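As the structure lists them, so they are numbered: ligands from 1, and atoms in each ligand from 1. Keep in mind that this is a model prediction, so the values were computed, not measured.
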Amino acid sequence: MLKKSSMSVPFFRYGYLYARYKEEIDRILADVMSRGAFILQKDLAEFENDLAQYVGAKHAIGVSDGTNAMLLGFWALGLPKGSEVIMCSHTYVATAAAAYFAGLKPVPVDMDDDRMISTAAVEAAITERTSAVMPTQLNGRTAKMDALMSICQKHELVLVEDAAQGLGSRYRNKMAGTFGAFGTYSFYPAKTLGCFGDGGALVTNDDDIAMKVKRLRDHGRDEDGRFVCWGTNSRLDNLQAAILKFKLSRFDDDVVKYRRAIAARYCQNLNDVADIGLPPSPNEDADHFDVYQNFEIEAESRDQLREFLKERGIGTLIQWNGQPLHRLKSLGLERPLPRTERFFQRCLMLPIYPGLSMDEVDYVCEMIRQFYGYN
Ligand SMILES: *Cc1c(COP(=O)(O)O)cnc(C)c1O
């Protein structure tokens, strides 16, 4: 048996990102660096090709991070200044910030029981100033995109996706990020496809958006190096791209499969605990294929449970530091959203990542069961 009392299960293991593939990573770094290939080189182009192919989009463009991917996407779209972008309150501040810095107004709305944006809330929030709807493909799940697409069609709104957490997840067999005008991913180390620093990408089927984003990320330069529009510096490092290309080739087998296996184990072990609300399990319905960026539960006496687990060496996290968009008063986003409000009294994320053993998952579950008096 395991010595449970001495177990330490951190919320995430950053060091494992390197340890797992040390040999391959060392080889890639040495190769790229000895070629002196740092900015906008072939490794980036190859990664972009592979990513586009993986998600089934015409174009993928590597950028500095997920936040700038959204910002550049909005700049390329050129929506009317001051127009409103409807998004889920249960998202990172970056989603709203991207809209804000593109001169748009973020409008947070309530969530549904599966934690995704509520389609009813989206419809209710539409005004004559609305220009776009931007679901966040949260926790590695893709929202019910058919409903959102038909709302957008009906009201002539642009659909865009913050798929920072959604890479590889699917709704009705279509990949997160590929439903609207553009979709964006983040390669922040703790994301499912994490690099060794910041990184992000935008995917689109629209040639014009792709061309604009390529210019915007590189000082407004076209393929011939001429400055043809205003731009900024938001390039994905070639070194990161080379690592991401390698990791993407192992993504389904090494990451997605394992995360889904952990999620299934959590669901199986905690299914009968009445004090806990579980996220949808991996094979709950045929429409969704989830990749479990996070395993976010709802828990009775959440703060006490968190403390109890901490004392037993288990790291947990409350998403967005407990601050969904509608709580950000200083940013002018405050409004009453009862479903999201209630959720944030109760939500907690459990450890889930390659590098977490099934024994550790069982230990986490055992401690949760102990806390609620189950055995
Ligand atoms: C991580 C994340 C972002 C930001 O991505 P960065 O690469 O850190 O800029 C945006 N939205 C969501 C939902 C995220 O989880």
Side-chain angles (χ1 to χ4, degrees), residues 11-12 14 17 47 51 60-75 85-102 104 106 108-109 111 114-117 132-143 160-169 176-177 179-180 182-203 213 216-217 232-237 240-241 243-244 247 259 279 290-296 317-326 328 331 333 340 343-344 347 349 352-353:
F11 182 73
F12 192 73
Y14 286 93
L17 293 174
F47 170 61
L51 180 64
I61 299 142
V63 294
S64 58
D65 54 73
T67 306
N68 275 289
M70 295 186 278
L71 178 59
L72 269 51
F74 276 129
W75 280 346
V85 182
I86 298 172
M87 56 185 67
C88 197
S89 177
H90 189 351
T91 189
Y92 192 34
V93 67
T95 323
Y100 173 83
F101 282 113
L104 308 169
V109 300
M111 57 190 272
D114 71 347
R115 295 92 197 270
M116 310 304 287
I117 196 166
V133 177
M134 187 177 206
T136 291
Q137 310 300 20
L138 191 78
N139 294 339
R141 183 176 176 85
T142 307
V160 294
E161 293 166 74
D162 177 353
Q165 298 192 356
L167 181 66
S169 80
F179 290 87
F182 68 76
T184 59
Y185 308 110
S186 166
F187 310 125
Y188 183 85
K191 295 282 157 70
T192 52
L193 185 69
C195 65
F196 295 129
D198 278 311
L202 176 145
V203 294
V213 170
L216 285 166
R217 76 169 173 186
T232 184
N233 184 352
S234 183
R235 300 174 299 228
L236 176 63
D237 290 340
Q240 301 288 4
I243 291 160
L244 286 164
K247 290 190 71 176
R259 283 177 174 269
D290 296 357
V291 298
Y292 295 92
Q293 164 67 60
N294 303 307
F295 193 83
E296 191 173 43
L317 207 65
I318 299 170
Q319 197 149 212
W320 324 129
N321 209 17
Q323 293 181 285
L325 296 185
H326 77 279
L328 301 176
L331 305 183
L333 297 175
T340 310
F343 185 81
F344 272 83
C347 61
M349 299 195 295
I352 186 165
Y353 46 87

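The environment of CZ in Phe343 is crowded: more than 12 heavy-atom neighbours from other residues, nucleotides or ligands sit within 6.0 Å.
Between Asn139 and Glu296, the side chains place a donor N or O and an acceptor N or O closer than 3.5 Å (distance only, hydrogens not considered). A donor-acceptor pair shorter than 3.5 Å cannot be found between the side chains of Thr340 and Ser89.
The side chain to side chain contact (heavy atoms under 4.5 Å, CB included) test with Met70 singles out one residue from Asp65, Asp162, Val63, and that residue is Asp162.
Here the closest heavy-atom approach between residue Ala190 and residue Gln293 is recorded as O-NE2, 3.0 Å.
Protein heavy atom at the shortest distance from atom 11 (N) of ligand 1 is Asp162 OD2, 2.8 Å. Considering only non-hydrogen protein atoms, atom 15 (O) of ligand 1 sits nearest to Gln165 NE2, 2.9 Å. In terms of protein heavy atoms, atom 9 (O) of ligand 1 is closest to Thr67 OG1, 2.5 Å. Considering only non-hydrogen protein atoms, atom 14 (C) of ligand 1 sits nearest to Lys191 NZ, 3.3 Å.
Which parts of ligand 1 touch Thr136 is read off a 4.0 Å heavy-atom cut-off, strictly below it: atoms 13 (C). Short contacts between ligand 1 and Ala164, defined as distances under 4.0 Å to a heavy atom of the residue, involve ligand atoms 2 (C), 3 (C), 10 (C), 11 (N), 12 (C), 14 (C).
Residues meeting the salt bridge (Lys or Arg N to Asp or Glu O under 4.0 Å) test with Asp114, sequence neighbours left out: Arg141, Lys144.
Taking distance alone, with nitrogen or oxygen atoms compared against 3.5 Å, Gly66 approaches ligand 1 more closely than that limit. An N or O contact shorter than 3.5 Å is missing between Tyr188 and ligand 1 by distance.
Heavy atoms from both the backbone and the side chain of Asp65 come within less than 4.0 Å of ligand 1. Of the heavy atoms in Trp320, only side-chain atoms (C-beta onward) come closer than 4.0 Å to ligand 1.
Between Tyr100 and Phe74, the ring center distance fails the sub-6.0 Å criterion.
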